[in-house]
Asks: 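Quick one: structure below, then a few questions.
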Amino acid sequence: MKEKLKVGILGATGMVGQRFIALLENHPWFEVVTVAASPRSAGKTYEEAVGDRWKMDTPMPEAVKNKVVLNVNEVDKVAATVDFVFSAVDMSKDEIRAIEEKYAKTETPVVSNNSAHRWTPDVPMVVPEINADHFEVIKDQRKRLGTNHGFIAVKPNCSIQSYAPCLAAWKEFGPKEVVATTYQAISGAGKTFKDWPEMVGNVIPFIGGEEEKSEQEPLRVLGTVENGVIVKAELPKITCQCVRVPVLNGHTAAVFINFEKKPTKEQLIDRLVHFKGFPQEENLPSAPKQFIQYLEDENRPQVTQDVDFENGMGVSIGRLREDSMFDFKFIGLSHNTVRGAAGGAVLCAEALTAKGYIQKK
């Protein structure tokens, strides 16, 4: 790419916004030129606005420290400075839906980490390796919004990243029933142990809204485009429990699965390790070379050893074995704030750019 696309981060001071800032440092296609946040942060430098709340392991990039934070609600002002935006705003769902549409209507593409538009029928919700073809509904969304270039695209919830890729890799065998329990890191709530000391040595058996997302969102990712909208898949039937555990980064899933056809363990592993999609075919900058790895050691995957596989953009699977009640069971692991949040959104933006949906204004 001859000239980098100018990027804005909406909600730049929060944990996911910070992750966007960190991931986009030295990105070959994208340059962060604008940071926007709530009115209370507006007018301050980014470094002042974040203060002692920088939560990444890497230092705050020098390039953003002295950028003056804009008011995210001043849509026209922010939109005039960028080619597209990443959205990680912390608002109510109704407010998020409204502000993301406002940005899109300024002819500014919006790639969102938020859940507000995940079920808007003509908004693609994409894991680029699985359903990049869903981007085709953007043309219908633009008709609804009255735009030529602006649109909204979203990525799915972090909780599904450790098992939904398996369902796609095993599609030929007809996954029909899935029982999953996710063990979710505290960074999924935007927290560190400093922020949430009561999580040390603790387990909380409830995360608001996560079980519904974990059961339904894979079906939309696995769905089809029909008459300009996304129609979710009918199978597999998924039931899920979501548990918060004392881990900083990394969502683990324990999964039981039944198939229409009866594959062998060897077939299932083969489909996992050879599964790839548009990001690998196009060699996108953030794409993992290997999307899914299979680990033979019965003690893997582990957060401490495997969460950063492929710079946090890969998925790790292990302990695949036959079950006494289901056909098979396995353990999955994914990085919730990289693949599951900002990194997944960056990869979506790269795919959208490669397909021509995001361009210089």
Side-chain angles (χ1 to χ4, degrees), residues 1-12 16-17 19-37 46 61-64 66-89 99-114 117 122-126 128 132-155 278-287 313 342-361:
M1 185 170 292
K2 292 180 181 179
E3 188 178 356
K4 290 186 180 183
L5 294 168
K6 296 177 181 178
V7 178
I9 312 294
L10 312 182
V16 176
R19 181 67 74 181
F20 275 121
I21 296 288
L23 289 174
L24 292 169
E25 185 179 19
N26 302 318
H27 192 282
W29 293 6
F30 307 146
E31 179 183 2
V32 176
V33 299
T34 299
V35 288
Y46 185 72
E62 291 294 327
V64 300
N66 293 317
K67 289 190 184 299
V68 176
V69 179
L70 300 186
N71 183 343
V72 72
N73 298 314
E74 294 180 353
V75 175
D76 291 333
K77 182 178 179 180
V78 174
T81 66
V82 299
D83 294 312
F84 77 99
V85 295
F86 289 110
S87 175
V89 291
I99 200 167
E100 289 182 348
E101 285 205 359
K102 284 181 181 177
Y103 274 94
K105 287 178 178 178
T106 67
E107 300 294 0
T108 304
V110 177
V111 182
S112 181
N113 183 72
N114 294 304
H117 275 291
D122 58 10
V123 170
M125 181 175 74
V126 172
D133 60 308
H134 285 194
F135 289 138
E136 70 183 69
V137 300
I138 287 171
K139 66 180 185 295
D140 297 280
Q141 183 194 147
R142 284 172 169 163
K143 291 176 184 175
R144 174 176 62 84
L145 294 175
T147 61
N148 294 312
H149 304 287
F151 64 86
I152 302 162
V154 300
K155 50 147 290 297
F278 182 77
Q280 288 72 37
E281 293 162 1
E282 294 296 315
N283 197 28
L284 299 180
S286 299
M313 289 297 288
V346 170
L347 189 60
C348 279
E350 292 171 359
L352 286 160
T353 301
K355 286 178 173 284
Y357 291 100
I358 296 177
Q359 300 177 345
K360 296 290 290 183
K361 281 186 177 176

Asks: Mark yes when over 12 heavy atoms from residues, nucleotides or ligands other than Lys355 sit less than 6.0 Å from its NZ; otherwise mark no.
Replies: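 For Lys355, atom NZ is crowded (more than 12 foreign heavy atoms under 6.0 Å).
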
Asks: Side-chain donor-acceptor contacts of residues 20-32 below 3.5 Å, not counting sequence neighbours, with atom names and distances?
Replies:
| residue | atom | partner | partner atom | Å |
| --- | --- | --- | --- | --- |
| His27 | ND1 | Trp29 | N | 2.9 |
| His27 | ND1 | Phe30 | N | 3.1 |
| His27 | NE2 | Glu350 | OE2 | 2.6 |

Asks: If you take all heavy atoms of Gly11 and Val89, which pair is closest and at what distance?
Replies: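 That closest heavy-atom pairing would be N-CG1, 3.8 Å.
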
Asks: Which atoms form the tightest heavy-atom contact between Lys360 and Lys4, and what is the distance?
Replies: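 The pair with the smallest heavy-atom distance is NZ-O, 3.1 Å.
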
Asks: Of all the heavy-atom pairs spanning Asp122 and Gln141, show the shortest one and how long it is.
Replies: O-NE2, 3.1 Å

Asks: How long is the straight-line distance from OG1 of Thr147 back to NZ of Lys143, given to the nearest 0.5 Å?
Replies: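 One finds 11.5 Å between NZ of Lys143 and OG1 of Thr147.
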
Asks: Looking at side-chain heavy atoms only, is the closest gap between Tyr103 and Ile152 below 4.5 Å?
Replies: no

Asks: Does either side chain, that of Thr34 or that of Lys6, offer a donor lying less than 3.5 Å from an acceptor on the other one?
Replies: no

Asks: Closest approach of Ser87 and Asn114, non-hydrogen atoms and distance?
Replies: OG-ND2, 3.1 Å

Asks: Using side-chain heavy atoms (C-beta onward) and a distance below 4.5 Å, is Phe135 in contact with Pro124?
Replies: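 Side chain of Phe135 against side chain of Pro124, heavy atoms only: contact under 4.5 Å found.
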
Asks: Which heavy atom of Lys361 sits nearest to which heavy atom of Thr108, and what is that distance?
Replies: NZ-OG1, 2.7 Å

Asks: Is there a side-chain contact between Tyr46 and Asn66 in this structure, where contact means two heavy atoms from C-beta onward sitting under 4.5 Å apart?
Replies: no

Asks: Using atom types as modelled, flag every donor-acceptor pair under 3.5 Å from a side chain in residues 67-78 to any protein atom, sequence neighbours excluded.
Replies:
| residue | atom | partner | partner atom | Å |
| --- | --- | --- | --- | --- |
| Asn71 | OD1 | Asn73 | N | 2.9 |
| Asn71 | OD1 | Asn73 | ND2 | 3.4 |

Asks: Measure across Ser112 and Glu100 and return the closest heavy-atom pair with its distance rounded to 0.1 Å.
Replies: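 Closest approach of Ser112 to Glu100, heavy atoms only: OG-OE2, 2.6 Å.
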
Asks: Report the residues that fulfil ring pair (Phe, Tyr, Trp, His ring centres under 6.0 Å) with Phe151, sequence neighbours left out, ordered by chain and then residue number.
Replies: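 Checked Phe151 against ring pair (Phe, Tyr, Trp, His ring centres under 6.0 Å); zero matches.
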
Asks: Can you check whether Lys155 reaches Val111 side chain to side chain, under 4.5 Å on heavy atoms?
Replies: no

Asks: How long is the span from the CZ atom in Arg142 to the NE2 atom in His149, to the nearest 0.5 Å?
Replies: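 Answer rounded to 0.5 Å: 7.5 Å.
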
Asks: Got Leu352 and Ile138 here, is their nearest side-chain heavy-atom distance under 4.5 Å?
Replies: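 They are in side-chain contact.
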
Asks: Is there a donor-acceptor contact under 3.5 Å from the side chain of Glu101 to the main chain of Leu145?
Replies: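 Absent.
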
